[in-house]
Protein chains: 2
Amino acid sequence: MSSTEATSGTGKIARSLDLLWNTGTRPARGPKPGLSIDRIVTTAVELADAEGLDALSMRRLATELGTGAMSLYRYVPGKAELLDLMIDRVQGESLDAEGATGTDTADGSEAPDWRTAVDAMARGFLNHFRRHPWLLKVNQARILLGPSALRGFELALGPLKSMGFSDPEMISVIVAAQNYATGVARMEIQTAEAVRETGLSDEEFWDSQQPYLERAMASGDFPRQAALSEDAFTADIDHFEFGLHLLLDGLEKRVAERGQSGESPRRA
Amino acid sequence: MSSTEATSGTGKIARSLDLLWNTGTRPARGPKPGLSIDRIVTTAVELADAEGLDALSMRRLATELGTGAMSLYRYVPGKAELLDLMIDRVQGESLDAEGATGTDTADGSEAPDWRTAVDAMARGFLNHFRRHPWLLKVNQARILLGPSALRGFELALGPLKSMGFSDPEMISVIVAAQNYATGVARMEIQTAEAVRETGLSDEEFWDSQQPYLERAMASGDFPRQAALSEDAFTADIDHFEFGLHLLLDGLEKRVAERGQSGESPRRA
DNA sequence: TCGATTCTGGGTACGGCGTACCCAGTGGGC
DNA sequence: GCCCACTGGGTACGCCGTACCCAGAATCGA
């Protein structure tokens, strides 16, 4: 029932970055390492994907790798840094996967229009969380700017130039899409987790509250809820789509306003 | 560096709901309890607010209350259920606080127009998280429908009727605002947490990555990032406001399409 | 008034966690 | 062939949630 969260520590940032950019050099003396950061990160991601962040303990990961728990600390300063590496790893993988469907053109020709691009970006964020639900529980505020992070950001920036926004506003567009997708992902993931942890389906759960609910509705204190139609919660509206459309329509309006105010569409 | 998350368990839902609705009855025999659920929940919320969810262990909470750890289990089935109660508690408090500024009218007259109401709702969600950052780490998918939850939902529904949406769509509006605010809250809270945990300010952190970043920019692989203006990240754009306006503008368009815009825009 | 009963308080213990510390053994450089 | 930097990993510490169980308190029927 518990989960782990971490942020990279003070003096270890440089070390983590070295790991990320492969700047580290193997010492000449001593026995050759039996493991590799790559293998550790790969296994860690597989484990977290399959069984959740709770299952990813240093002991368990070591067992999975066939070594002792403390051996991992020869490769990684601590669990926090391992998580940083995992973040970069899955970021790269998602970019490869999404890149295949193409939100950007490799040949330098103009990217797709911004609306499809932002749409794809938001979907990309959501899918990324769906592929790796444990990401939601990891502090990503102190993201290490590894190759994958930069590549992703570069890809995202491409189609936004055509909006005619200032640079800070362009960042805001990305942040808005990211934040919205994150919120949706949180709701989805927590729901799935609740089902898994309690062994109780959503329906079973809400049913178990029904008696209390009926009493409350009968009290007359909640007329608006009592008046809601039966399908208010069960109708298969895709909440994500709904909100995403709102965001895109809002952007559309802002782009139109910008267009007629004669702002320079591109930075020098 | 670790934090706790929980969902209420199978057989304990009824018990939790009894606690929430005060349905439980004290037994006649035996010594009088020295604690009360109310005091436990209050202290737990204070502790979590002040020192974060990590500090909220059963042992620590018991110490704070001047008793032994196991005594708490006389009042609460487990930590998961305690968290459920804490959620309901702060929900109620936030409603009281926000209610004072008034997103709804108590006298039954028409509520303010939907745009200010949704705006206030989103701000309310964000402020709620700001007051109680630990909420972000608690699984809220299986929220117990206590009095506070129902009251909050009832309050939110009020001003939305004027939008002319179907019931499921109205839910979608609330969900969209909630999800967006949650995403923003996550970013804010994780940033603050990173500062606190590492003792490193944001600037110090990004500075420490600067050498790697410069090398990457010089490589020419990231032209769009290299071309970003200096103030791209430092400009004091409020990202939350930006995205919220997008959502509201998007809603505006949708409401107009519905053709029911003849509703009274504001109460006299 | 006095057991009997039923409850509350909380000590002890178990299996988990991250990781500090330390020693044994390996193998390339001289 | 020796030295010693290096890797592997066992042990231990202080946390966590909580199962189990017993001592003592409060109230009942007699």
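The chains referred to below are lettered A, B, ... by the order of the sequence lines, with proteins before strands, and numbering in each begins at 1.
When rounded to the nearest whole Å, the span between CG of Leu72(B) and C1' of dG10(C) equals 10 Å. Atom pair Met58(A):CE and dT11(D):P shows a separation of 19 Å (rounding to whole Å applied). Look at CG on Leu65(A): it is 16 Å from P on dT7(D), rounded to the nearest Å. In this structure, OH of Tyr75(B) is placed 14 Å from P of dC7(C), rounded to the nearest angstrom. Put simply, CE on Met70(B) is 14 Å from P on dC16(D), counting in whole angstrom units. Across the protein-nucleic acid pair, Leu53(B) atom CG and dC16(D) atom C1' stand 13 Å apart, rounded to whole Å. For Leu61(B) and dG17(D), the CG to C1' distance is 13 Å, given to the nearest whole Å. Rounded to whole Å, atom P of dC15(D) lies 19 Å from atom NZ of Lys79(A).
When all heavy atoms are compared, the tightest approach of Ile174(A) to Ala156(A) is CD1-CB, 4.1 Å. Taking every heavy atom of both residues into account, Thr42(A) and Arg89(A) meet most closely at OG1-NH1, 2.7 Å. Between Leu82(B) and Val76(B), the shortest heavy-atom contact is N-CG1, 3.7 Å.
DNA chain D is contacted by both Arg59(A) and Leu35(A); Leu35(A) maps to the nucleotide lying nearer its 5′ end (nearest heavy atom per residue). Along DNA chain D, the nucleotide closest to Ala55(B) and the one closest to Gly66(A) are compared, and the more 5′ of them pairs with Gly66(A). Mapping Ala69(A) and Arg74(A) onto DNA chain C by nearest heavy atom places Ala69(A) at the nucleotide closer to the 5' end.
For Ser71(B), a side-chain nitrogen or oxygen approaches OP1 or OP2 of dG10(C) to under 4.0 Å. Between dC16(D) and Ser57(B), a contact under 4.0 Å exists linking OP1 or OP2 to a side-chain N or O. Tyr73(A) has no side-chain polar atom (N or O) that falls below the 4.0 Å cut-off from OP1 or OP2 of dG9(D).
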Handout entry: side-chain contact (heavy atoms from CB on, under 4.5 Å) between Met187(B) and Thr182(A), intermediate numbers included
Key = CA-CA 9 Å; Met187(B) 180 153 278; Thr182(A) 302; over 6 Å; no

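Note: Tyr180(A) and Phe125(A) fail the aromatic proximity criterion, with ring centroids not under 6.0 Å apart.
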